[in-house]
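For clarity, every value in this text was computed on a predicted model and none was experimentally measured.
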Amino acid sequence: MNVYELNEESARAVAELMHRIKPEWWPTFREAYGQLTDIDETIKTVGWYLGEDAETPKGWILCRELVGYRALELECSGFDDHGTFKLEHKLDELFLAAEAYARKKGYLTFRSGISSQGFNIHEKPLDSISDAMASLQSSRVDYLWYLEHGFRVIGIHPNAYRPGFHLILLGKDLS
């Protein structure tokens with residue numbers, strides 16, 4: 001597969017992919033396209049996609065450039081695995097492209113997050129974030145992929161999606 005940079009023109013094909021393989025997250029093409037193309041001056045978006053050719057995307061990664069924090073943060077990503085939506089562990093090449101971009105820009109951290117589904121803290125109240133982080137366990141493929149690729153748990157956002165449905169914050173030092 002080849003890696004291509006997202007731009008306003010190629011974002012159309014990637015938005016169609018996003019909507020097609022995960023319509024519950026992007027119910028319309030317009031919502032997917034808007035996420036890929038809306039840009040702010042202090043938080044900019046940058047992305048890449050995979051495909052056998054530039055017109056047929058197979059997977060994508062969209063990141064936010066957090067200029068003030070000197071960090072790159074994953075906004076969304078996905079991969080079409082024969083019609084099934086897959087996450088980070090199918091996107092090695094794109095993560096490498098994002099890391100190279102971040103280092104070139106002088107960013108010090110690559111951040112991401114995953115839901116608490118499949119973790120021992122899922123659907124449980126968090127009385128102590130530090131205790132939850134110390135005892136965190138999961139055998140999720142995407143979580144193990146993150147750890148193998150140098151990411152570490154840097155926090156937990158409790159009740160991010162609904163009570164008991166937390167966000168595991170991950171970070172990779174790029175310095």
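Interatomic distance, NE2 of H19 versus CZ of R30, reported as 12.0 Å (0.5 Å rounding). L91 contributes atom CG, which lies 7.0 Å from atom CZ of F79 (distance to the nearest 0.5 angstrom). To the nearest 0.5 Å, atoms CG (L144) and OG (S138) are separated by 6.5 Å. Atom CD1 of I129 and atom CG of L136 lie 12.0 Å apart (nearest 0.5 Å). How far CZ of R152 is from CD1 of I154: 12.0 Å, rounded to the nearest 0.5 Å. Interatomic distance, NE2 of H122 versus CZ of F165, reported as 5.0 Å (0.5 Å rounding).
Scanning both residues, M18 and C76, for their nearest heavy atoms gives CE-SG, 4.0 Å. In terms of heavy atoms, A132 sits closest to I121 at CB-CG2, 4.2 Å. Between A102 and L72 the shortest heavy-atom distance is CB-CD2, 3.9 Å. The minimum heavy-atom distance linking R140 with S115 is given by the pair NH1-O, 2.8 Å. Closest of all the heavy-atom pairs between P158 and L126 is CB-CD1, 4.0 Å. Residues C63 and F110 share a closest heavy-atom pair of SG-CE1, 4.1 Å.
For H166 (side chain) and N159 (main-chain N/O), a donor-acceptor pair under 3.5 Å exists by modelled atom type.
L96 and I61 end up in different hydrophobic clusters when Ile, Leu, Val, Met, Phe, Trp and Tyr side chains are linked at under 4.5 Å. Y69 and L108 fall into different hydrophobic clusters, defined by Ile, Leu, Val, Met, Phe, Trp and Tyr side-chain heavy atoms under 4.5 Å apart, directly or through other members. In the hydrophobic cluster analysis, where Ile, Leu, Val, Met, Phe, Trp and Tyr join through side-chain heavy atoms closer than 4.5 angstrom, V141 is grouped apart from F119.
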>> Apply side chain to side chain contact (heavy atoms under 4.5 Å, CB included) to residues T84 and K86 and explain how you reach the verdict.
In response: CA-CA 6 Å; T84 302; K86 298 288 178 155; 3.9 Å; yes
> Going through the checks in order, is the side chain to side chain contact (heavy atoms under 4.5 Å, CB included) test met by L62 and Q35?
Replying inline: CA-CA 9 Å; L62 181 69; Q35 185 170 17; 4.0 Å; yes
>> Working note: K58 + E52, criterion side chain to side chain contact (heavy atoms under 4.5 Å, CB included); need CA distance, chi angles, decisive distance, verdict.
In response: CA-CA 8 Å; K58 208 51 183 147; E52 295 298 333; over 6 Å; no
>> Assess the residue pair Y49 and L6 against the criterion (side chain to side chain contact (heavy atoms under 4.5 Å, CB included)); give the C-alpha distance rounded to whole Å, side-chain angles, the decisive distance to 0.1 Å, and a yes or no.
In response: CA-CA 7 Å; Y49 65 103; L6 272 170; 4.0 Å; yes
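In this structure, Y33 and F29 have parallel ring planes: the angle between them is below the 30° cut-off, well short of the 60° mark. Ring-plane geometry between W60 and F85 is classed as tilted, the angle between the planes lying from 30 to 60 degrees on a 0 to 90 degree scale. Under the 30°/60° scheme for interplanar angles, the aromatic rings of F95 and Y146 are found to stand perpendicular.
Counting only N and O atoms by type, the side chains of D53 and T56 include a donor and acceptor under 3.5 Å apart. Y101 and E65 are linked by a side-chain donor-acceptor pair at a separation below 3.5 angstrom, with hydrogens and angles left out of the test.
Among D80, V3, D92, the single residue meeting the side chain to side chain contact (heavy atoms under 4.5 Å, CB included) criterion with L50 is V3.
E5 is linked by a salt bridge (Lys or Arg N to Asp or Glu O under 4.0 Å) to nothing, counting only residues two or more places apart in sequence or in another chain. Partners of Y107 under the ring pair (Phe, Tyr, Trp, His ring centres under 6.0 Å) rule, at least two apart in sequence or in another chain, do not exist in this structure.
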Output a table of donor-acceptor pairs, distance under 3.5 Å, between side-chain atoms of residues 167-175 and any protein atom two or more places apart or on a different chain; print 'none' if there are none.
residue, atom, partner, partner atom, Å
K172, NZ, E99, OE1, 2.9
K172, NZ, E99, OE2, 3.0
K172, NZ, H149, O, 2.8
D173, OD1, S175, N, 2.8
D173, OD1, S175, OG, 2.6
D173, OD2, S175, OG, 3.3

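Taking 4.5 Å as the limit, some side-chain heavy atom of R111 sits within range of a side-chain heavy atom of L66.
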